[in-house]
Amino acid sequence: MTKQELPKAYDFKSTEPRIYEMWEKGGYFKPHNDPNKPDFDPNVEPFVLAIPPPNVTGELHIGHPMFVSVEDLMVRYHRMKGYSTLWIPGTDHAGIATQLMVERDLLRNEEVTREELGRDEFVKRTWEWKHKYGGLITNQIRRLGASCDWSRERFTLDPGLSLAVREAFVRLYEKGLIYRGPRLINWSPGLKTAVSDLEVEYSEEEATLYYFKYKLKDSDEFIPVATIRPETILGDTAVAVHPDDERYKKYVGMSVIVPMLNREIPVIADEYVSMEFGTGALKITPGHDPNDYAIGQRHNLPVISVLDTAAQINENGGQYKGQDRFDARKNIWADMKKAGLVIKSEPYRTTIPRSQRGGEIVEPMISTQWFVTIEPLAKAALDAVKDGSIQIVPERFEKTYFNWLENIKDWCISRQLWWGHRIPVWYCPDHHMTVAREDPTECATCGSKDIHQDEDVLDTWFSSGLWPFSTLGWPEQTPDYKYFYPTTYMETGYDILFFWVARMIMMGIKFTGQVPFHTVYLHGLVRDEIGRKISKTTGNVIDPLVLIDEFGTDALRFSMLVGSTPGNDTNVGAKKVEANRNFANKLWNAGRFVINAVASLTPTPLPAGEGVRRTSEGDYTLADSWIWAKLQQLVRDVERLFQNFQYGEAGRQMYEFIWSDFADWYLEIAKEQLKNDATSTRTAETLARILDMSLRLLHPLTPFVTEEIWGYLRRTILESPISYLAQDWPDALIVASWPEQREPEGWEESATADFALIQEIVRSIRNLRAEKNVAPSRRIAASIAAGARVGLVKEQSRLLASLAGLNDAELVITESLGDKPIDAAALVVGSAEIYLPLAGMVDLAEEKTRLEKELKEAQSHIERLEKLLSSDFANKAPAALVQKERDKLEGYKDTAQKIKTQLK
RNA sequence: GGCUUCUUAGCUCAGUUGGUUAGAGCAUUCGGUUUACAUCCGAAGGGUCGUGGGUUCGAGUCCCUCAGAAGCCACCA
């Protein structure tokens with residue numbers, strides 16, 4: 001290994017694909033304990049994660065790096081800890097999204113609609129599309145470094161998963177938890193399908209409120225009514241007023257005439273109507289409004305649908321038949337105006353229901369659909385979180401989850417689409433239903449051979465709800481299912497807590513009798529650099545591939561993790577990713593330095609020498625002990641933070657350790673120590689060990705660069721005099737063992753404290769040099785009176801000299817100083833006095849001012865601490881803490897004293 | 001209307017068993033070609049932690065009030 005082989009800047013472009021291929025080919029993504037193999041050990045604990053399956057036709061967007069970063073971290077961490085780790089990948093057929101995409105494509109390229117193609121041909125074309133583009137997203141997931149077991153990849157329309165869907169449907173049907181019937185549902189006229197409540201989004205918009213007259217039969221009197229949708233007048237079957245409303249009480253039981261259609265409908269009384277709002281009278285359209293539907297049920301009102309599936313007026317709309325809903329609205333209003341039925345219209349702000357997918361206005365309509373009776377399932381799902389079987393992180397989402405499940409309504413699961421799992425129900429001419437696990441050939445009731453399958457497909461989320469177990473082979477009791485189920489974590493965005501997570505929990509409990517996972521970790525959404533929601537209309541779409549090309553996958557992943565907390569949105573922009581690219585490069589170069597140091601080692605004995613300390617580990621310098629202590633602390637902190645899902649904070653601490661402690665301080669010191677025969681071997685060894693451990697800690701966050709450096713490090717060590725270090729390391733970092741935390745030992749604390757003093761002295765000398773404009777290259781003389789720490793400072797004199805730019809020969813270290821040097825700048829660091837004889841550069845007046853300022857500062861601390869120590873703090877706070885403050889006070893008193901003498 | 005989150009340096013954000021003088025990146029100022037790294041190094045300036053109260057020896061951190069921003073859920077025509 002020579003230095004020339006490693007480029008100065010980390011070349012992520014060529015490294016990432018090569019490393020990924022090495023991992024995948026090496027079989028590292030597979031669980032090491034496979035239940036399908038003869039040497040399987042059922043006692044090894046598995047760690048299992050099912051990927052939130054991306055849309056099969058989708059392309060990478062900024063949400064993908066988010067979940068991959070978090071999940072791959074979880075997976076790599078547990079793999080390194082020795083769990084038999086499985087991350088199941090796969091894709092979702094994404095009914096509406098995919099069908100729309102293919103439809104658009106067909107229209108653009110072949111100018112045919114799906115209706116023209118016919119169902120079978122269209123489904124065939126969609127499969128072709130899937131085969132052509134389905135690999136795109138999974139390859140992009142690979143680029144993100146995801147260490148999933150691709151040999152277990154699944155697709156929601158796979159035979160196995162389709163079988164699971166059918167089994168689930170049939171079981172629910174058999175238990176009476178699935179029913180079919182006409183209900184008021186949300187209809188998307190553009191997509192021509194029903195959608196569930198969750199798929200409707202409400203936006204506040206400017207609309208018009210129309211006031212008009214509902215004339216009483218055979219009278220000139222009228223009841224004023226207001227509506228936002230005049231076209232629904234055609235479907236009115238009553239006018240409702242509050243039973244106590246003095247204005248309208250007298251009309252209850254009488255009839256009014258529907259404008260334009262001249263139908264006769266009753267005036268009814270219902271408590272639902274608010275007397276204060278609008279005109280106090282409400283038109284009732286049970287066919288096109290959920291509240292009206294409920295009122296209609298109470299009063300046995302007929303239900304009239306006036307819209308067809310394209311939201312055009314149907315035959316119930318008289319002369320308006322065939323008109324689009326919005327045209328009909330205008331026309332009816334114009335006609336009513338002519339007829340003298342109009343009172344007024346005014347602008348009105350209200351919430352409009354729109355389709356989550358198409359964005360068009362959704363119409364409540366009566367339609368025959370399939371539903372899941374959700375309440376019993378919801379109850380069990382509620383209990384699972386309440387009794388702690390499932391933990392949600394962050395915890396606050398439990399409240400949201402409870403709130404949703406406690407108010408849940410039956411789930412409309414049928415969709416009038418072609419791409420998806422077709423409902424496994426067959427009808428004969430006598431309308432008998434046959435619900436079967438296998439395609440029947442005859443009606444189960446009457447034996448008729450003339451049967452046809454339900455045209456509808458299931459909501460995509462129905463199959464997604466089975467994902468954690470359908471991917472493992474359920475309903476078969478496969479070895480995978482038995483060993484890997486239930487899964488360990490479910491990691492996804494909080495935006496699909498209801499859509500997906502809640503449904504997985506409900507269905508998991510229902511079908512497997514177990515919770516599908518023990519922990520739900522919800523990440524936040526990715527926003528742009530200044531915190532705006534990412535959207536095409538805002539034009540702030542971030543293409544992750546562009547960021548990866550420019551800064552590398554590791555940089556992007558690190559950006560997703562650091563600076564964010566569970567459940568909170570994260571801002572990501574090029575600036576942040578660039579900064580983290582710099583970090584990867586920093587790590588790379590620190591790695592180069594260490595590798596080079598190890599490669600340059602020649603076998604030498606380890607003589608004791610100046611600056612060498614004795615510890616239980618052998619002969620190490622203060623700096624060696626210090627960086628080792630820092631690393632031990634980092635290992636403990638990272639472990640604690642990972643256990644608490646605080647990945648961002650863990651990453652930040654690693655960054656700080658690598659950059660500030662390891663690179664800025666230890667590497668600079670190592671340069672000196674490597675020159676010294678007495679310390680060179682131990683230094684190289686320490687460098688190697690610290691780097692190794694750092695790479696292990698960092699690997700779950702930035703897998704590529706750490707794997708690359710580690711490979712070089714390992715090979716270099718094995719060829720060096722310190723080859724014993726890497727003797728039991730595996731072939732690849734991805735399967736290296738996770739650093740074990742050790743109990744803190746006494747030497748750690750003393751090394752940390754001692755080194756902190758050296759750092760402070762160095763910093764204050766550097767500071768003064770900068771202030772006095774002393775050329776960085778100029779080595780200056782110094783006298784240090786170190787008081788009680790004289791032993792330490794003397795021991796570290798060479799270190800001090802090299803770090804602070806002092807001239808070794810002119811560095812005098814004593815316990816105390818008899819005479820204050822003349823013409824010298826003075827510094828006080830704790831109990832140490834430092835004099836820098838900067839002839840000609842020292843302005844006495846300036847010096848005085850500076851020292852006075854420092855004295856004042858020290859005195860304010862003394863004042864603060866004395867106050868603190870004379871308060872209840874001394875009695876009530878932990879003794880160790882009080883002692884710490886006392887020591888500090890003594891330190892400041894000492895400092896103040898020293899400054900005072902200098903000022904004389 | 002119900003629930004939730006956020007408000008910390010010029011900007012974007014960390015700061016989770018309450019405990020030194022509250023941190024980072026970017027930006028700014030000064031100085032540096034110290035052969036790991038200019039994707040860098042050294043130094044500096046910059047914060048009454050939204051407001052008001054409470055608990056506590058001690059609060060950015062826990063509780064309450066108010067103000068502003070955002071989100072989710074449910075919505076009166």
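All chains are named by letter (A, B, ...) in the order of the sequence lines, taking the proteins before the strands, and each is independently numbered beginning at 1.
- Among the atoms of the strands shown, only primed sugar atoms or phosphate atoms (P, OP1, OP2) are found under 4.0 Å from some heavy atom of A:T227.
- The side chain of A:V273 sits closest to B:A77 out of B:U39, B:U20, B:A77.
- In terms of modelled atom types and a separation under 3.5 Å, the side chain of A:E199 and the main chain of A:S196 share a donor-acceptor contact.
- A gap of 43 Å separates the C1' atoms of B:U39 and B:U51, to the nearest Å.
- Using a 4.0 Å heavy-atom criterion, one finds that A:R581 contacts the bases of the nucleic acid, with or without backbone contacts as well.
- Residue A:Y666 holds its OH atom at 9.0 Å from CZ of A:F593, rounded to the nearest 0.5 Å.
- An OP1 or OP2 oxygen of B:A77 is reached within less than 4.0 angstrom by a side-chain nitrogen or oxygen of A:T350.
- Nucleic acid contact for A:Y10: none, since no nucleic acid atom lies under 4.0 Å from a heavy atom of the residue.
- Taking only side-chain nitrogens and oxygens, A:Y348 comes nearer than 4.0 Å to OP1 or OP2 of B:A77.
- Under a 4.0 Å N-O distance rule, the pair A:K888/A:E885 qualifies as a salt bridge.
- Side-chain proximity of A:F593 to the nucleotides B:C57, B:A36, B:U16 is greatest for B:A36.
- The shortest heavy-atom contact between A:A858 and A:A896 is CB-CB, 4.4 Å.
- Separating the C1' atom of B:U16 from that of B:A22 is a span of 16 Å, rounded to the nearest Å.
- Using P as the reference atom, B:U65 and B:G53 are 16 Å apart when rounded to the nearest Å.
- Using a 4.0 Å heavy-atom criterion, one finds that A:K671 contacts the bases of the nucleic acid, with or without backbone contacts as well.
- Counting only N and O atoms by type, the side chains of A:Y494 and A:N568 include no donor and acceptor under 3.5 Å apart.
- At a threshold of 4.0 Å, the pair A:R329-A:E231 counts as salt-bridged, since one of the basic side-chain nitrogens sits closer than that to a carboxylate oxygen.
- Nucleotide B:U28 forms a pair with B:A44, judged by Watson-Crick or G-U wobble geometry with both contacts under 3.5 Å.
- On a pure distance criterion of 3.5 Å, a polar donor-acceptor pair joins the side chain of A:T351 and the base of B:C75.
- Looking at the side chain of A:L282, the nearest of the listed nucleotides B:A77, B:G42, B:A36 is B:A77.
- One P atom belongs to B:G50, the other to B:C11, and the distance between them is 14 Å to the nearest Å.
- Using a 4.0 Å cut-off, no side-chain N or O of A:K8 falls inside it from OP1 or OP2 of B:U35.
- Between B:C66 and B:C26, the distance separating the two C1' atoms is 34 Å to the nearest Å.
- Toward the 5′ end of RNA chain B lies the nearest nucleotide of A:P566, the other residue of the pair A:M275 and A:P566 mapping further downstream.
- Nucleotides B:G10 and B:A27 place their C1' atoms 7 Å apart, quoted to the nearest Å.
- Across all strands shown, A:K867 has no heavy atoms under 4.0 Å from either base or sugar-phosphate atoms.
- Rounded to whole angstrom, the span from the OH atom of A:Y666 across to the C1' atom of B:C37 amounts to 19 Å.
- Across B:C63 and B:G18, the matching C1' atoms stand 13 Å from one another, rounded to whole Å.
- In a base pair of the Watson-Crick type (N1 to N3 plus N6-O4 or O6-N4) or a G-U wobble (N1-O2 and O6-N3), with each distance short of 3.5 Å, B:G23 is matched with B:C13.
- Distances shorter than 4.0 Å separate none of the side-chain N or O atoms of A:K533 from OP1 or OP2 on B:A70.
- In this entry B:G50 has B:C66 as its Watson-Crick or G-U wobble partner, both defining distances falling under 3.5 Å.
- Contact annotation for A:D664: backbone-only contact, meaning every heavy-atom pair under 4.0 Å involves sugar-phosphate atoms and none involves a base.
- Note on A:K399: a side-chain N or O is less than 4.0 Å away from OP1 or OP2 of B:U4.
- Looking at heavy-atom distances under 4.0 Å, A:I228 makes contact with sugar-phosphate atoms alone, never a base.
- Among the atoms of the strands shown, base atoms are found under 4.0 Å from some heavy atom of A:T565.
- Summarising the base pairing, B:C3 is matched to B:G71 through a Watson-Crick or G-U wobble pair whose two defining distances lie under 3.5 Å.
- A salt bridge is absent between A:E890 and A:R886: the closest approach of a Lys/Arg side-chain nitrogen to an acidic carboxylate oxygen does not fall below 4.0 angstrom.
- Within the 4.0 angstrom heavy-atom criterion, base atoms lie near A:Q646.
- Heavy atoms of A:D872 sit under 4.0 angstrom from primed sugar atoms or phosphate atoms, though from no base atom.
- Residue contacts shown for A:E668 include a base, since a base heavy atom lies under 4.0 Å away.
- For the pair A:I658 CD1 and B:A36 C1', the interatomic distance rounds to 13 Å; values are reported in whole Å.
- If you measure from atom CG of A:L497 to atom C1' of B:C73, you get 12 Å, rounded to the nearest angstrom.
- Judged by distance alone, with hydrogens and angles left aside, A:R396 brings no side-chain donor or acceptor close enough to the base of B:U4 to form a pair under 3.5 Å.
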Compile the donor-acceptor pairs under 3.5 Å between side chains in residues 278-289 of chain A and protein atoms, sequence neighbours left out, one pair per line.
unit_1 : atom_1 : unit_2 : atom_2 : d
A:T279 : OG1    : A:P224 : O      : 2.7
A:T279 : OG1    : A:A281 : N      : 3.2
A:T279 : OG1    : A:A281 : O      : 3.3
A:K283 : NZ     : A:T232 : OG1    : 2.7
A:K283 : NZ     : A:D236 : OD1    : 2.9
A:K283 : NZ     : A:T285 : OG1    : 2.9
A:T285 : OG1    : A:D236 : OD1    : 2.7
A:H288 : ND1    : A:P364 : O      : 3.0
A:H288 : NE2    : A:V306 : N      : 3.0
A:D289 : OD1    : A:N291 : N      : 2.9
A:D289 : OD1    : A:D292 : N      : 3.0

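- Every residue was checked against the ring-ring contact (aromatic ring centres under 6.0 Å, His included) condition with A:F873, not counting sequence neighbours, and none meets it.
- In this structure, A:A281 reaches neither bases nor backbone, as no heavy-atom distance under 4.0 Å exists between it and the strands shown.
- Phosphate contact (OP1/OP2 of B:C41, side-chain N/O of A:W659, threshold under 4.0 Å): present.
- Between A:A663 and A:D289, the residue anchored nearer the 5' end of RNA chain B, judged by the nucleotide with its closest heavy atom, is A:A663.
- Among the protein residues, A:K586 comes within range of the nucleic acid bases, having at least one heavy atom under 4.0 Å from a base atom.
- A:L522 places its CG atom 13 Å from the C1' atom of B:U4, with the value rounded to the nearest Å.
- Look at A:E204 and A:R349 and you find a salt bridge, because one of the NZ, NE, NH1 or NH2 atoms lies within 4.0 Å of a carboxylate O, short of that distance.
- Taking atom P on both nucleotides, B:U33 is separated from B:G25 by 23 Å, rounded to a whole Å.
- The side chain of A:N582 places an N or O atom within less than 4.0 Å of a non-bridging phosphate oxygen (OP1 or OP2) of B:C40.
- The distance between atom CG of A:L889 and atom P of B:G19, rounded to the nearest whole Å, is 22 Å.
- The nearest whole Å value for the distance from the NZ atom in A:K576 to the P atom in B:A24 is 16 Å.
- Using a 4.0 Å heavy-atom distance criterion, A:A590 is classed as a base contact.
- Straight-line distance from the CD1 atom of A:I392 to the P atom of B:C3: 19 Å, rounded to whole Å.
- As rounded to whole Å, 13 Å separates atom P of B:G1 from atom CD of A:E204.
- Side-chain N/O atoms of A:N767 include one lying less than 4.0 angstrom from OP1 or OP2 on B:A44.
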